[in-house]
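Below is one structure, written out as structure tokens; the observations come after it.
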Amino acid sequence: MVRGGIYLLAACLALPSVAAAETMSFGDAAAMLAKGCGAEIVANCRGVNLDSNRLKECLSRNQDVTSPQCKATYLQAFDAIQKRIAARVTVANACTREIVKICHGSTKETSKSVPCLMTASGVSRNCNQALTDAGYR
């Protein structure tokens, strides 16, 4: 059941949510976490809802029994998740003109404009880079 939970975490993190260049995908971060901390998650976080915040709290609480490899892995994985989320937030800022003028959307609902931004012509270089960093491409 816990192994299924790890896969559920990976699937949830892979879903679109909203920087830095070359961010790691949510799926890759979850896979890295499962590989480096799978045993610790099974042993110490049984019954914990496997969303990223609760899992991070559980692993932090159990640092005294967590392997050095897992400590390094989970810090790196959760940092990668936060960077990807931040990159998705920057899409609204970098693509404001394109969202409003080209896609006739609202920056309050950037995710609804992403399909348009991906196919529209006249999208700025900064907007294209923000889309790439956010993992939409």
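Below, each value reflects all heavy atoms present in this structure, side chains not excepted, and no hydrogens, waters or symmetry copies.
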Does the side-chain contact (heavy atoms from CB on, under 4.5 Å) test come out yes or no for Asp133 and Thr90, once each step is laid out?
CA-CA 9 Å; Asp133 292 347; Thr90 64; 5.9 Å; no

Any heavy-atom pair between the side chains of [Y] and [X] that's under 4.5 Å?
| X | Y | value |
| --- | --- | --- |
| Arg88 | Ile85 | no |
| Val100 | His104 | no |
| Leu55 | Leu33 | yes |
| Leu59 | Asn44 | no |
| Asn128 | Arg137 | yes |

Check: Ser113 side chain, Cys116 main-chain N or O, donor-acceptor pair, under 3.5 Å:
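Looks like no, no N/O pair under 3.5 Å.
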
Residue pairs fulfilling salt bridge (Lys or Arg N to Asp or Glu O under 4.0 Å) with at least one residue in residues 103-130, sequence neighbours excluded:
Glu109-Lys112

Scan for salt bridge (Lys or Arg N to Asp or Glu O under 4.0 Å) pairs involving residues 70-81, sequence neighbours excluded, and state none if there are none.
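Of all non-adjacent pairs touching residues 70-81, those that pass salt bridge (Lys or Arg N to Asp or Glu O under 4.0 Å) are Asp79-Lys83.
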
Give the cluster check for [X] versus [Y]: same hydrophobic cluster or not, with ILVMFWY residues linked at side-chain heavy-atom distances below 4.5 Å.
| X | Y | answer |
| --- | --- | --- |
| Ile99 | Val114 | yes |
| Leu131 | Ile102 | no |
| Met118 | Val91 | yes |

Please identify each residue that fulfils side-chain hydrogen bond (donor to acceptor under 3.5 Å, both in side chains) with Ser106, with sequence neighbours left out.
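Residues passing side-chain hydrogen bond (donor to acceptor under 3.5 Å, both in side chains) with Ser106: none at all.
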
Listed partners of Thr132 passing side-chain hydrogen bond (donor to acceptor under 3.5 Å, both in side chains), at least two apart
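So Thr132 forms no side-chain hydrogen bond (donor to acceptor under 3.5 Å, both in side chains) with any residue.
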
For a side chain to side chain donor-acceptor pair (under 3.5 Å) with Tyr74, tell me which candidate from Lys56, Gln63, Glu40 qualifies.
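Testing each of Lys56, Gln63, Glu40 against Tyr74, the sole residue satisfying side chain to side chain donor-acceptor pair (under 3.5 Å) is Gln63.
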
Rounded distance (nearest 0.5 Å) linking atom SG of Cys103 with atom CG of Leu117
4.0 Å

Once rounded to the nearest 0.5 Å, what's the spacing between atom OH of Tyr136 and atom OG1 of Thr110?
7.5 Å

Please identify each residue that fulfils side-chain contact (heavy atoms from CB on, under 4.5 Å) with Ala80, with sequence neighbours left out.
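Listed in chain order: Met24, Ala29.
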
All pairs passing side-chain hydrogen bond (donor to acceptor under 3.5 Å, both in side chains) where residues 91-103 contributes a residue, at least two apart
Glu98-Ser124

